[in-house]
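See structure below.
Just so it is clear, the structure is predicted and the values come from calculations on it, not from any experiment. Below, chains carry the letters A, B, ... as their sequence lines are ordered, and counting in each starts from 1.
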Amino acid sequence: MAEATKSMNVRVDYVTRVEGHGNIVAKVEDGQLVDTKFEVTESPRFFEAMLRGRSWKDAMFLVTRICGICACGHGTASLRATEDAMGLEISEQTERLRKIVLHAEQLESHWLHCYFLVAPDFFGAPSVIPMAKTHTDVVLRAMRLKGLSHEICEVLVGRHTHPISMVPGGYMKLPSVRGLKKLRDRIASFEADVLATVDLFATLTPPAFARETEYESITHPDEYAFFQGDLMTSDGDRVEEHDYRRIIHESIVQHSSAKHVRNKRESLMVGALARFNNNHAQLGCQAKEAADKLGLSAPEFNPFHNNTAQIVESVHCYYDLLRLMDELIEAGIQDEKPPLQWPEGRSGEGVGIVEVPRGTLVHHYEYDEHGIVTGANLVIPTNQNLANIEADFRAYIPQLLDEGKSEDEVRHALEMLVRAYDPCISCSTHLVEVQFE
Amino acid sequence: MLPQVLKRNDLAAWVEALMADRTVAGPVLKETNVSDPSDEKFEWTVLEDAGDLRLDYNLTVLGPKSFLWPPRQQLVAYRLDDGPDPQPLIEHEPTVLLGVHPCDATAIATLDTAFGKDIPDPHYLARRADTAIVGLDCAAPCHESSFCLDMGSLYPDSGFDVMLTPMGEVIFVEAATDLGRALVKSAAVRPATKDDMEARQKFAEEKRSNFHYKLPYELKYLPEVLEQSYDSLVWEAIARRCFSCGSCNTTCPTCYCWDVTDDIADDLSGGVRTRRYDSCQLDTFAEVAGGENFREERSSRLRHRMFRKGKYILEQTGRVGCVGCGRCERACVAKISIKDTYVQIAGTR
Amino acid sequence: MADKPTLAFFSLACCEGCQLQVLAANEKLLPILERADIVRFREASDGDADHYNVTFLEGSIVTEHDIERAKAIRAKTDVLVALGACATIGGVNVIKNFQESDDVAEYVYGDKKDWFPHIPTRPLKAEVQVDVEIHGCPINTCEFLEVAKCLLMGKPYRQPNYPVCVPCKLAGNVCLWHKGVPCLGVVTRAGCEPFLCPSAGHKCIGCRGLVDNPNTEAAADVMAEFGLTVEEVFREFSLFQGIYDDVAKMK
Amino acid sequence: MTQIDIHKGAEAESPYVPKMARILSAEQMTETERFFRIEMEEAPLAYQPGQFVGVTVFGVGEAPISICSSPTQGDAFELTVRSVGLVTNKLKEFGEGDRLGIRGPFGNTFPYEEMKGKDVLFVAGGLGLAPTRSLIRYVLDNRGDYHKVTILVGARDPSLLLFRDELEAWTGRDDVETLVTVDRPDKAWSGNVGVITRLFAKIQLDAAATYAVIVGPPVMFKFTVLEALAEGVPENRIICSLERHMKCGVGKCGHCQIRGVYVCREGPVFTYEQVKRLREGI
Ligand SMILES: Cc1cc2nc3c(=O)[nH]c(=O)nc-3n(C[C@H](O)[C@H](O)[C@H](O)COP(=O)(O)OP(=O)(O)OC[C@H]3O[C@@H](n4cnc5c(N)ncnc54)[C@H](O)[C@@H]3O)c2cc1C
Ligand code: SF4
Ligand code: SF4
Ligand code: SF4
C-alpha cells in the first residue's frame, strides 16, 4: 500500500454539484478507516413546524419551497395528503395532468443531474461551464432537454419552480387541448436527443463497487409507480400509504440537521436505482431497451448505477409522457373546478406518498375542522439515503485504500459517490416522530 | 351601399375568408369562473379557428385596443458598438378586429386623434391604417358599470369600417368605408329586405329602451362639473381605498400614457427602446430626479385620472376621454367607480 | 481573462430554486459567461476565488453561523446581490418567527432540539449591506438576466416599484378577486412576468414583498369586506410578507 | 374636432429615433454637473432659446436636457447635465469624440422676440442657469435689441456655481448688471451671501418695462416670483421654465402633463400667469 495512504484526513466541505450543503468526513489511521460521516450542515428550516397554522389552500405553497428541484413532487405529495384528509377523489384528468408534471420533473432532475453534475466527472472537467467549450454539442443538448421540462411545466402548472396552477382537487387553470397538442408535438421532437443521451451514457463506465442494501420505493399493480402506490422494500416488506412508519423509522444524529432513516437493516436506499430494482418489470419497452444498452439489470447493487437508472427512467418517463398526452388530447379537457371551500366540519389526517427524482417522499398532515394544519410530518428522500451513504463509505473506503488510492483520489471518489446519490440536502427539513393524538 | 344581411350560419365562412388574407382578432371564451362555472369570461385574441368567435360576448378585461396599441411595443433598435445606427421598428400586418362594441369603436377614434394629432406617431398609426374594424352593435348594457349612453359612445360616428347587428337568425351588415365594403365582398350577404329593415328598426328601439342615463347631467357639462370639484374633499375620501395599482388605466380603452425603457439584447450586442403602458395612478408617474413628485398624493393622482377622462382629453382632442365602458370600475379591486364619482361630484363643491 | 469580472453564487437557508432559475437561462447564460468568469457556483461547479466582483447570495439567515457566513461573503465581494425572497425578505422561513422559537425546534427535533440552534429568520439586509435585490420565490430568470446585463454594462438595475396588478392586467387576466379569490397582487411588487401566478390561474401570494408605498390598510379593509377575518388576512400576508411591520402588526 | 389622416400619419417619420451626434468637448463644471459641446453628425440642430433635447445613451436610456447655448453661437450646441440617475450618471463617463443620440429640439421657446426693446431681468438658481444661459447668450449676442439687462445668479455654495468664467465676463461688462450670491460661502468667497431674493434690494427695476425670466428649483421659484410681483412685474411677463418627468417630448406619453397641458409641447416655457392657472404647476 502506498505510504501516503497510511493515514489521511479526508474532509470535503460543501460537496459541490449537489443540492444544498453537505460535508464528507473520513479519517484513516494506519491504513484503517476509523471514522466516516456525511454531515449535513444545511441550516435547519423547520417546515413541519411552519406548516402548523397554514390553511389547506396554502400548505402546498409553503412545502414546495422545501426544494427548488422537486417542487412539483413536493406539491403533488402535499396535494395528495390534503385531498386524503379532505376525502376528495381526483378525476382521471387531474391524475393524468399530475403524472405528466411529475414525469417532467423527473426528466428535468435526472437530466440536470446526469449532464450537469455527473458528466463533468467523466469528462474530467471541474464543471459543466468549461464543457460548454470542449463538449459544446453535449452541453447544448443538455440545455435543450432541460428546457423541455420547463416548457411542459409552464403549460401545465405555470412554471416548474414553484408550481402555481395545481390546487387540492384539481387546477385553477387548465391547459387547452390546442395547447396540449402543440406541446405534444414539441415533446415528440426531442426523441433524438433522448436516445442520444442513452448512447452518451452507455459509453461511460461507473466505478466498480457494490454493496447490497434494502431498496425502498412505492409500487403499483398497473404502472411503474411514481404517483401513488404501496410502500415496499426489496426485503419483502409492503404496507399501504398510511402505514409508512412501519417501514420508515427515523432517528436524529448530531452531525446532520437531516434525519436518518432505516427499516430492518442499518440503512436503506431510495431513488432511481431502488425503483429500478423494485419495479423494473413495469418499465416501458424503450426503457428496457435502454437498460440493456446501458448494461443495467436488476438487481443492481452498485450505487454508482443510480445514474444509469436515472437515464433508464428518463427514457421511460419520456415515452410515458407522450402516452399520457395522447390520452389527455383524446379525452379532451373537461372544465373541472377545484373546490374553494374546506368540507364543512371535517377534520383528520392525510398522507400522500410520491416518488420524486431522489426517491420516496412522504407528506403527512393533520387538519382541524377549519382546514388549518395542526400537525405535519415530512419524510424526505435524501434523508432516507444518508445512513446508506455512510454505510457505503464504510465499505468503499477500505476498497479504495486496498486499490492504493491517494488521498486526493479517495476524496474525489467519495465526492463522486455522494453525487451518484443525487442528494438534495436543501430538502432536509427534518423532523422527529410526531405522534398525532 | 345598401344595408345587407348575412345568415348567421354563413358567418363562420366569412370569418374564414377574412382569415385567409388577414390576421383576424375577435372575442373568444377565455375561461369560466372557478366560483361559478356558468359565468363565462371572454378575451380578445387572434382567432385560430373561425368557430371560436363569440358574438354574444359581454365583457373583456382588455379591449381590442391592445391590437393597435400593444401593452409592449418596440420603438427603436440599435447596436451597442461604435455605430449604434438607431432604426425605427414599425410593425404591422393586415388585421381585422371583428366584433368591436360601440364603446370600443369610439375609444379607437379617440386614440386615432391622440396619436395622429400634432406630431403623428407612425408606430400606432401604421398598425391602425392596416387594421379593419368590424363593429358589433349591442342590444343591452354589458354590465351595471357601463354608462356609455351618458358618454356618447353608444352610437359611434367613426372608428369602424363595418357595423354588424345580430338579429336572431341573421346579422345586419352595414359597411361604412371603402375598406368595409371590400371586406363584405367575401361574405355571403344579400340585400336587406323590407322585413330586415323593420327588424333593424325594432332592434334600435329596443336597444334604446334598454339603456338608461346614469349621470344627473349632460356630458357637455362634465368638464365644468369637474372644474368646480377641483378642491373638493371627495378626492381624498375616494383615494383612501385606492391601491395605486393602475388597473383602471391598464384596462381603459382610451388610456395611452406610456413609459420607455432601453432593453439590452441577451447577447449584449444591441438594444431596443420599448414602450409599455404606464399609469398615472402609480406612485412614480410624475416623479422627477431629486425626488420631487408633482402628484405625490393618491388623491391628486385619482383626481388627475378623473379630470383627464372627463375634461382634459376632451379639450385636447375634441373627443371623449372616457367612453363609459366601465372597465376601470370592474378592474378596480377597491370598487372605485368613475361613474359614481362623476355622480358624486355633481353634488359637492 | 484576468480582466473579466468575477461572479460567485452562494446560498444560505433556502431551497436553492433561485440558483436553478439561473441555470434555467440555459443558452442565454453563454454571452454572460463570455464576459464574466463564474468562480464559484457550488451547485454546478467546483472551484473558488479570494475575491469576487459580484456575488449572488440566496437564502435567509436562520442561524448565528449564517450571519458569520454572510459577513464573510460580504467582505470578499464588491457587489452583493440578494437572490430571491429568502434573501430579500426572509421568504417563507419567516413564518417560524411567529411561533415560539423553542417550540419550533422541539416540534421538529424533539429532545435533540439543542443540537440545531437557530435564531429568528431575517433577510440579508438585516445583517449586511445589500446592493441589488432580485425578489421572487423563485426569482424570475428574465429578471436575473436583466440584472446580470445591467451589472456587465455598468448600469444600475432599477426594480419595478408598482404592484403585480399592472402586469397582471396587461396579461389580460380576469382579476381573481372577481372570481372569489383574494389576491395579494394589489400590494405586491411586480417583476415576475411572464410567470405571474394570476396568469397561471392562482392568486399572488406576495413572494416579491410589498411595493414601496403599499396601501396595506386598504388591502386589509377590502379583504374584510370580502369576508375574511383578521386572522385569515394575516395568514394570507404572512406566507411571505411577515417581515414587514405592516404585516407583523396584524398578528 | 381635430381631423386625423391615419394613412398619412402611418407614413410619417418616427419621432422616437434619435439622430447621431458627436461630443466636441466635455468638461466637469462641478462635482455633479458636466458640460458638453455637441455637434449633430448630419444636419445641424435648428433650435431656439428655451428648447430642450432628448439625450440618448444607447443601452441605458434617454433624458430631456435643456440646451444651454444660443443659436447665435454656431452649429454646435451645448448642454449642462447634472448626474442624478441612470442616463445622467452614465454621461459622466462621456467625453470628446464619444457619440450620443439626440432627439429634438422640443418644446416652445423663450419669448425673445416679444421681449425686444424691453428690460430683461434674469434670475437663475442652481442648475436653472443652464436653460437661462441660452437666452442670456442670445440677448447678449443681440444686445442692441434689448434695453436694460440684469442677471441674478444664486447657488448653494461657491463650488456649485456654473459657468464661472462667463459670470466673471458678464460682471465685467458695462452693458449688463450681474450679481451672484451663494447661500453658504466658503473662505475664498468675497461676494454676496444669502438667498437670491436678497439681490432684489441691490438692483433698480423698471417693473412695468421688465420681463423677468426666473428659472430654478421650486422653492426658489416660488419666492422669486413673489419678489418680482411685489416689485410690480406683470404676471404675464414673469417667464419660467418647468421641469417634468418626460418620456417622448412630442405630447404623447402623458408624463409631463400638468392638468391638461403637455409641458413638452406647450412648455417648458410658461408665464407665471399660465402657471398660476394650472395650479399644479409649482
Ligand atoms: C424640459 C427639461 C429640461 C431639463 N434640463 C436639464 C438640464 O439642462 N440639465 C440637467 O441636468 N437636467 C435637466 N433636466 C432633468 C433631467 O431630465 C433629469 O435629471 C433626467 O431625466 C434624469 O434622468 P436619469 O436617467 O439620469 O435619471 P433616472 O435614473 O431615470 O431618474 C431619476 C429620477 O428622475 C425621474 N425621472 C425619470 N425620467 C425623468 C425625466 N424624463 N424627466 C424628469 N425626471 C425623470 C425618475 O422618476 C427618478 O425619480 C431637464 C428636465 C426637463 C423635463
Ligand atoms: S384600479 Fe382602483 S385601486 Fe387601482 S389605481 Fe385604479 S382606482 Fe386605484
Ligand atoms: S375611464 Fe373607465 S369607463 Fe371610461 S373608458 Fe376608461 S375604463 Fe372605460
Ligand atoms: S389577480 Fe391579483 S394581481 Fe391580478 S389584478 Fe387582481 S389583485 Fe391584481
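Enclosure of atom NZ in Lys8(D) is not indicated, since only 12 or fewer non-hydrogen atoms of other residues, nucleotides or ligands lie within 6.0 angstrom. Under a cut-off of 6.0 angstrom, the local environment of OH in Tyr155(B) is crowded, with over 12 non-hydrogen atoms contributed by other residues, nucleotides or ligands. For Phe223(D), the CZ atom is loosely surrounded, since the number of other residues' heavy atoms within 6.0 Å does not exceed 12. When the shell of 6.0 Å around CZ of Arg156(D) is examined, it contains 12 or fewer heavy atoms from other residues, nucleotides or ligands. Heavy-atom neighbours of Glu42(D) CD from other residues, nucleotides or ligands within 6.0 Å: at or below the threshold of 12.
The backbone N or O of Trp258(B) lies less than 3.5 Å from a partner atom in the side chain of His255(D), making a donor-acceptor pair. With Tyr78(B) contributing its side chain and Gly59(D) its backbone, the two residues share a donor-acceptor pair below 3.5 Å. Between the side chain of Lys117(B) and the main chain of Ile4(D), no donor-acceptor pair closer than 3.5 Å is present.
Nearest heavy-atom pair across Lys252(D) and Phe115(B) is NZ-O, 3.4 Å. Shown here for Ala12(D) and Pro120(B), the closest heavy-atom pair between the two residues is CB-CG, 3.7 Å. Looking at every heavy atom in both residues, Pro88(B) comes nearest to Val17(D) through CB-CG2, 3.6 Å. Of all non-hydrogen atoms in Ser14(D) and His123(B), the two that sit nearest each other are OG-NE2, 2.7 Å.
If you measure heavy-atom distances from Thr56(D) to chain B, the contacts under 4.5 Å come from both the backbone and the side chain. Of the two parts of Arg308(B), only the side chain, counted from C-beta on, holds a non-hydrogen atom closer than 4.5 Å to a non-hydrogen atom of chain D. At a 4.5 Å heavy-atom cutoff, the contact between Phe285(B) and chain D is made by backbone and side-chain atoms alike. Residue Glu11(D) does not touch chain B at all, counting heavy-atom pairs closer than 4.5 Å. Interface remark: Thr284(B) contributes backbone atoms only to the contact with chain D (heavy atom separation under 4.5 Å).
Residue with the most contacts toward chain B among Pro18(D), Pro217(D), Cys256(D), Gly251(D): Pro18(D) (heavy-atom pairs, distance under 4.5 Å). Interface remark: of the candidates Asp278(B), Ile313(B), Asp85(B), Asp278(B) forms the most heavy-atom pairs closer than 4.5 Å to chain D. Comparing Ile119(B), Val288(B), Asp259(B) by heavy-atom pairs within less than 4.5 Å of chain D, the highest count is held by Ile119(B). Counting heavy-atom pairs closer than 4.5 Å to chain D, the top residue among Arg303(B), Arg295(B), Arg273(B) is Arg273(B). Highest contact tally toward chain D, considering only Ile90(B), Ile264(B), Leu80(B), Asp121(B), is held by Asp121(B) [criterion: heavy-atom pairs under 4.5 Å]. Contact count against chain B (heavy-atom pairs under 4.5 Å) is highest for Val60(D) among Asp5(D), Val60(D), Val84(D). Comparing Ala63(D), Gly101(D), Pro15(D) by how many heavy-atom pairs each has under 4.5 Å with chain B, the most go to Pro15(D). With chain B as partner, the option from Glu243(D), Met20(D), Arg265(D) having the largest number of non-hydrogen pairs under 4.5 angstrom is Arg265(D). Of the listed residues Cys253(D), Gly9(D), Gly254(D), the one with more heavy-atom pairs under 4.5 angstrom with chain B than any other is Cys253(D).
Counting heavy atoms from C-beta on, the side chains of Gln316(B) and Gln257(D) come closer than 4.5 Å.
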- Message: Let's go through Arg259(D) and Glu227(B) carefully: what are the C-alpha distance in whole Å and the side-chain angles of both, what is the deciding distance for salt bridge (Lys or Arg N to Asp or Glu O under 4.0 Å) to 0.1 Å, and is it a yes or a no?
- Response: CA-CA 11 Å; Arg259(D) 308 263 254 135; Glu227(B) 196 52 41; 2.9 Å; yes

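For the atom pair NE2 of His7(D) and CZ of Arg128(B), the computed distance is 7.5 Å after rounding to the nearest 0.5 Å. The OH atom of Tyr124(B) sits 7.0 Å away from the CD1 atom of Ile6(D) when rounded to the nearest 0.5 Å.
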